[in-house]
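Numbered from 1 within each chain, the chains take letters A, B, ... in sequence-line order.
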Amino acid sequence: GCGTGSQSAGSGKMQELSIGLMPDTDSLPFLIAEEKGYFADEGVKVNLKPFKSAMDRDSAMQSGHLDGAVSDMLAAAFAKDGGFDVKVTSSTDGSYKLIAGKAEPAADVKGLRGKDVSVSRNTIIEYVTDEILAKDGLKGDDINKVIIPQIPTRLEMLQNGKLAAATLPEPMASIAIYNGGRLLKSSDDLGINPGVILFTDKATKDKQKEIQAMYRAYNRAVDYLNNAPREEYIDFVIEKAGFPPAAKEALKLPTYHKAALPKEQDVTDCIKWLNDKDLVKETYGYDDLVINLLGE
Amino acid sequence: MKWHMNPTDMIAFDHLTVRYRSAECAAAAAIADVSLTVPQGTVCAIIGPSGCGKSTLLRAVAGLVQPESGCVKIAGGKADPKKYRIGFMPQNYGLLPWQTVRENIVLGCRIRHDWHAGREEDEARLARLMAALHIEGLATRYPHELSGGQQQRVSLARSFLLQPDILLMDEPFSALDAITREEMQDVFLALWQEQHVTTLLVTHYVEEALYLGQKIALMAADPGRIARVFDNPLGGHPEQRGSREFFEMSRALREEIRGISAQHAGEGAAS
Amino acid sequence: MKWHMNPTDMIAFDHLTVRYRSAECAAAAAIADVSLTVPQGTVCAIIGPSGCGKSTLLRAVAGLVQPESGCVKIAGGKADPKKYRIGFMPQNYGLLPWQTVRENIVLGCRIRHDWHAGREEDEARLARLMAALHIEGLATRYPHELSGGQQQRVSLARSFLLQPDILLMDEPFSALDAITREEMQDVFLALWQEQHVTTLLVTHYVEEALYLGQKIALMAADPGRIARVFDNPLGGHPEQRGSREFFEMSRALREEIRGISAQHAGEGAAS
Amino acid sequence: MKGISHTLISYLAAAVFLLAIWWGLALLLELPIVPTPDKVFVRLTDVFARDILEHAAYSLWRIAAGLGLAVCIGYPLGVIMGYFRQADRFLSPVVYLTYPIPKIALLPILMLLAGVGELSKILMIFLIIVFQVVVAVRDAIRTLPEERYYPLYSLGASLGQIFRFVILPASLPKFITAIRVAMATAVSVLFFTETFGTQYGMGYYIMDAWLRVNYLEMYAGILVLSVMGLLLFGIIDCFEHVACLWQRK
Amino acid sequence: MKGISHTLISYLAAAVFLLAIWWGLALLLELPIVPTPDKVFVRLTDVFARDILEHAAYSLWRIAAGLGLAVCIGYPLGVIMGYFRQADRFLSPVVYLTYPIPKIALLPILMLLAGVGELSKILMIFLIIVFQVVVAVRDAIRTLPEERYYPLYSLGASLGQIFRFVILPASLPKFITAIRVAMATAVSVLFFTETFGTQYGMGYYIMDAWLRVNYLEMYAGILVLSVMGLLLFGIIDCFEHVACLWQRK
Ligand SMILES: Nc1ncnc2c1ncn2[C@@H]1O[C@H](COP(=O)(O)OP(=O)(O)OP(=O)(O)O)[C@@H](O)[C@H]1O
Ligand SMILES: Nc1ncnc2c1ncn2[C@@H]1O[C@H](COP(=O)(O)OP(=O)(O)OP(=O)(O)O)[C@@H](O)[C@H]1O
Ligand SMILES: [Mg+2]
Ligand SMILES: [Mg+2]
């Protein structure tokens, strides 16, 4: 009984939603919405399921234990390519930063040519890294990509000078900067935003009402996050989201946006990158991946 | 020559040939074309040179080796340890190292489901037997904590307690000193006189064979075969032990064995 | 009584007491306060009832059990198998199951670094010995593929090939038939007459003791101890075997053993 | 008893030895990733009563259930494969083909079939260790010399009796070894089996601390895991001591 | 030879049996998580020559190196612990305390000390399986009855000779079991050890395919891993056959 049952009760009563979260800043509005009772206010029961790794989250989703998840464009395309029909319903406010180590002489992205830069392979991290490099006229092969999938390990290697630079998600990026790393460039600088919320195709059909209610609560939480003083929620967030304690000082939260569809550019760039790397055969269009449940 | 089974024969070897599968090559037959019958209720002693297949013969009766040809019959039927109670005392005693002496002794009865720990008559019989075999103080020891002779007597005790239909004893007294040996022989004889268990007894001692066996089979080696079988009127009669006849008979038997052995050596040299 | 060591004594037990640590309780001493000396170059036969500590005595010389009190001396020094070549033939033969017969036989020499596979004289000696012990065809078999008597002869071969300073044999002929046994005894005697190895020989046969032992030690049980030691003028003289003296002596000895044993039984009843 | 105090002393000595290595390494590296033990112990006492006991209890339960299941399925299978040559001929290839499959990769299927709750965690532990039990028990029984069975065969024993009197006791020492290895494996894979669908368990605790870059708590968790393993090993040792009385030297 | 064709038949039968189960499950579930084997085979033939052979070669090398290292360190340690009671008294607690530590949690430290190259992967495999070897070898030697040593003791054998003639052959069967278990463990932890600092290896291949939700390739990889394991098991079986000649029944 994970909320996927389609036995819809009376018109007023809404089904449950199960949402998989990751320990990153994208997930914060959900945590706030739950904590503040916004979901309940909207009359929808949302089960937030925290995961520690994307693999676990995707496995749970693919085995039908989640209706939706905080995820990214690449995962959506991969899932679709792998035969799992998922739909992106909105973008999120994730941020990925290319950070140089404390002792790294390179002043900018160009200076990283031929050096060790740690990423995880075939993920949003590598995508953002490639985009950042492309902006400065470099290609993916111009740097030496060191594959380290575990984020804490990547952070540790960076901090100990074993790497020239690494691309990190929040809140690890803030911590790295706090500890002396230098921000070279971030996804925000490029204006790309590949973080998304996605739902299974089934959920977008059977649970439209619930998803919309969820988004209303989500938007309230965004408002709260943007307006309330940081001290009011930071301890709760750090505890609940599984952030490092150091994030209390270090973490610079982004300005959250109310739920909105991803930009067309974000989607096509992403698919192009996947097609170029031969990771996804199909060239998905915007409408293949994105569904608009917000506007109705 | 067609071989006929006598209805009173308890154990019958019918042109039995056994060959061990060796690790590398096809070994020579351990025993070849052996035919022998042991009537119900008698003791048959088997004497023969080392390696001639005496133990193999017993193993065949206990169903532990598969004949290459021929067969072993018990009471006319197939030799099947599930059907008959076979008290087999192997040359290496066959004690289970993880069981105490007491457990080892009652093992046979437990397997046969007629041991009731704590039942007075069973316990008394066990105690009597252990006392007769002089192992009364060793009940809680493990086999590796016993001397060789003590192990052998534990194995004897297991076979005796079982009250088997057929008793197969492979050099049962070899590790015992002369005095103890005679006592054990008498324990066996007493038991036999009570129950008349059909027994195959392998021994290296002419006196032992004469003393215990109503029938004596002499074996020869290469390949293992029965050289001669004869009835022994002195067997099973303790009172005859010191007699002149006994002495004469053992002397004659010894000569005969020496003869078989020499003949074999001669054959060996000739071949 | 102070105990004195004779300079020609090769093996000397000095008030030796050995106790086995049993799993549960402190066991009674296996041998208690045993003193015995074996002069250089003689064979000492040990006879005694089963469980009286004969094997324990040999194990003590081979350094396999630690005395509780007293000690064993070899040539006046501490018994140390690294210093002397000890050919120990245990009651269960002590063959390594993962080695072939040939490997098992040369094991002793290999340990002592004087085996050179392929060297002609070594190979010839091995072949001669195996032929004398009638195990010439078994070189490539593993121990579990042998009959009991064959295993025993392999163990004998190991001890003999080693050409030891001290030979310890625990019932070395017990699994052999009478004819083979006599042959083996003669093989041993021939070897002994060549090298005059100091030997401790455990046996259950009065005749064997008389035939081979220049010195005979009678043991008694509970606790294991030496009841009597005497010199045997017939020991080591094959020509005496059939003599009247031999016959008389063996009869007398048998009586004596029976006496010791009865006395012990009496004690047991009294206690 | 002398034996017990001896044992305690040697365990203490080992602990001190390991702590010394750790401390040395920590001082040498001077990195937050290798904190000195004293700090970890302080943190441990802070968080112990509050959190770790509960986490440990969850993990113990999962290990016990997984191990129990692995023994219940693996032992009989191992016995069958070890005793019946024919069965082994067909089951061995099955085991050989399935053993090397990384069980974690089956997580999606497992979640599909068993959900994201306790069951899938226990099944994962089971899947990882059952093969170790099967192979060890099979090998133990296969290497028993034929002669060991002779006394039972000649008594016309039933299969059950052969198992009871020969196979079980003869394979016990190797089985205990297998349990030791399997148990320790179970403890160390908690790390992967407790990362989804739960907020309790030592695996979750350590993983969570790691992702929070909270090395002090992570080491505190590892420390507890290590002591937990030690206790489980101790239980197995005691069991061996009692069950293999005949092997005591 | 009859034996070999027999073996082949039973391996084939096992493979067919497993495929049948897989196919049945796939048809029953009808989900992309469990593709039918035919699709996987088609994909396998597509990618095999291009990719998988190279990945498999990398993995084999890492397994061999890790296993070799584990044997080189673990076997002597196990022998020492099994033979010398005193050594065991102090080393056992060390092993008992360190065995349950989830080695993957030490990955950051390992990477700091050994870099992200081959060395840290091999060390990780080594760390995971060395304990299995140590415990199994120790137990094998500890359960040897004292009497096994008597022939050698009485000949005044040196320690080396005792090892050569008793300890080595007597512990060989259990050691082979340990190698079997350790080898299979090494294969199945490739999954964690090959995820960093490399683009080659079956572990990387499977993990990458999983991440890309490319279940066909993931299963193709698992299939290859499984066959790889089978081959390694086969090698061990052959070795056992030759080395334990005396145990042949
Ligand atoms: N490992 C052991 N643990 C405990 N007691 C033992 C052990 N080995 C032998 N004993 C006991 O020590 C005593 C002497 O044993 P030993 O083997 O020396 O006797 P033995 O004279 O050789 O007897 P046998 O003629 O039967 O071989 C026996 O009572 C035996 O039960
Ligand atoms: N497992 C086996 N594999 C191969 N050959 C064997 C095996 N067991 C016995 N043999 C051989 O079979 C023959 C007969 O062995 P068996 O044990 O029956 O002899 P035995 O008459 O009992 O001899 P002993 O008096 O020495 O005990 C011997 O030559 C022996 O080498
Ligand atoms: Mg025999
Ligand atoms: Mg003895």
Side-chain angles (χ1 to χ4, degrees), chain B residues 20-25 27-28 30 47-56 90-93 100 134-135 137-138 140-142 145-153 170-171 173-184 202-206 219 221-222 224 254 257-258 260-262 265, chain C residues 20-25 27-28 30 47-56 90-92 100 134-135 137-138 140-142 145-153 170-171 173-184 202-207 219 221-222 224 254 257-258 260-262 265:
Chain B
Y20 288 100
R21 282 160 303 147
S22 200
E24 327 110 78
C25 54
I47 294 193
S50 172
C52 71
K54 305 178 293 296
S55 301
T56 307
Q91 204 165 357
N92 60 3
Y93 319 142
T100 61
H134 301 320
I135 47 175
L138 309 174
T140 58
R141 293 224 199 145
Y142 288 99
E145 296 170 334
L146 300 179
S147 79
Q150 288 165 340
Q151 289 179 15
Q152 196 165 43
R153 281 174 284 157
D170 204 344
E171 305 182 24
F173 312 115
S174 65
L176 302 176
D177 61 292
I179 316 282
T180 315
R181 165 190 302 251
E182 278 169 27
E183 286 182 72
M184 297 305 120
V202 171
T203 177
H204 285 319
Y205 291 94
V206 169
M219 289 187 72
D222 287 306
R254 223 183 292 264
I257 293 171
R258 215 175 288 273
I260 292 172
S261 162
Chain C
Y20 288 100
R21 282 159 305 147
S22 200
E24 328 111 78
C25 54
I47 294 192
S50 172
C52 72
K54 305 178 295 295
S55 301
T56 307
Q91 203 165 359
N92 60 3
T100 61
H134 302 319
I135 46 174
L138 309 174
T140 59
R141 294 225 199 145
Y142 287 99
E145 296 170 333
L146 300 180
S147 79
Q150 288 166 340
Q151 289 179 15
Q152 197 166 40
R153 282 174 282 157
D170 203 344
E171 306 182 22
F173 313 116
S174 65
L176 303 175
D177 61 293
I179 315 282
T180 315
R181 166 190 302 251
E182 279 170 26
E183 287 181 71
M184 297 305 121
V202 171
T203 176
H204 284 319
Y205 291 94
V206 170
E207 291 81 4
M219 289 186 71
D222 287 307
R254 222 183 294 265
I257 293 171
R258 214 175 289 273
I260 292 173
S261 156

Taking B/A178, B/A175, B/G53 one by one, which has the highest count of heavy-atom pairs under 4.5 Å against chain C?
B/A175
Check: B/L138 and B/R153 side chains under 4.5 Å, non-hydrogen atoms:
no
Under a 4.5 Å cut-off applied to non-hydrogen side-chain atoms, are B/H134 and B/E183 in contact?
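Result yes, sub-4.5 Å side-chain heavy-atom pair found.
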Interchain contact, B/L176 with chain C, by part (heavy-atom threshold 4.5 Å):
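Both parts, backbone and side chain.
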When the 4.5 angstrom heavy-atom criterion is applied to B/E182 and chain C, the contacting part is side chain
What option among C/Q151, C/Q150, C/R181 has the most heavy-atom pairs under 4.5 Å with chain B?
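So the answer, after comparing C/Q151, C/Q150, C/R181, is C/R181.
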Do you know which of C/D170, C/I179, C/I47, C/L146 has the most heavy-atom pairs with chain B at a distance under 4.5 angstrom?
C/I179
Which atom pair, heavy atoms only, marks the closest approach of B/K54 to B/P49?
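Smallest heavy-atom distance, with atoms named: NZ-O, 3.0 Å.
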Can you check whether B/S50's main-chain N or O pairs, donor with acceptor, with C/D177's side chain at less than 3.5 Å?
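It does hold such a pair.
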C/Q91: side chain to side chain donor-acceptor pair (under 3.5 Å) partners, not counting sequence neighbours:
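Per chain and number, C/Q91 pairs via side chain to side chain donor-acceptor pair (under 3.5 Å) with C/S55, C/E171.
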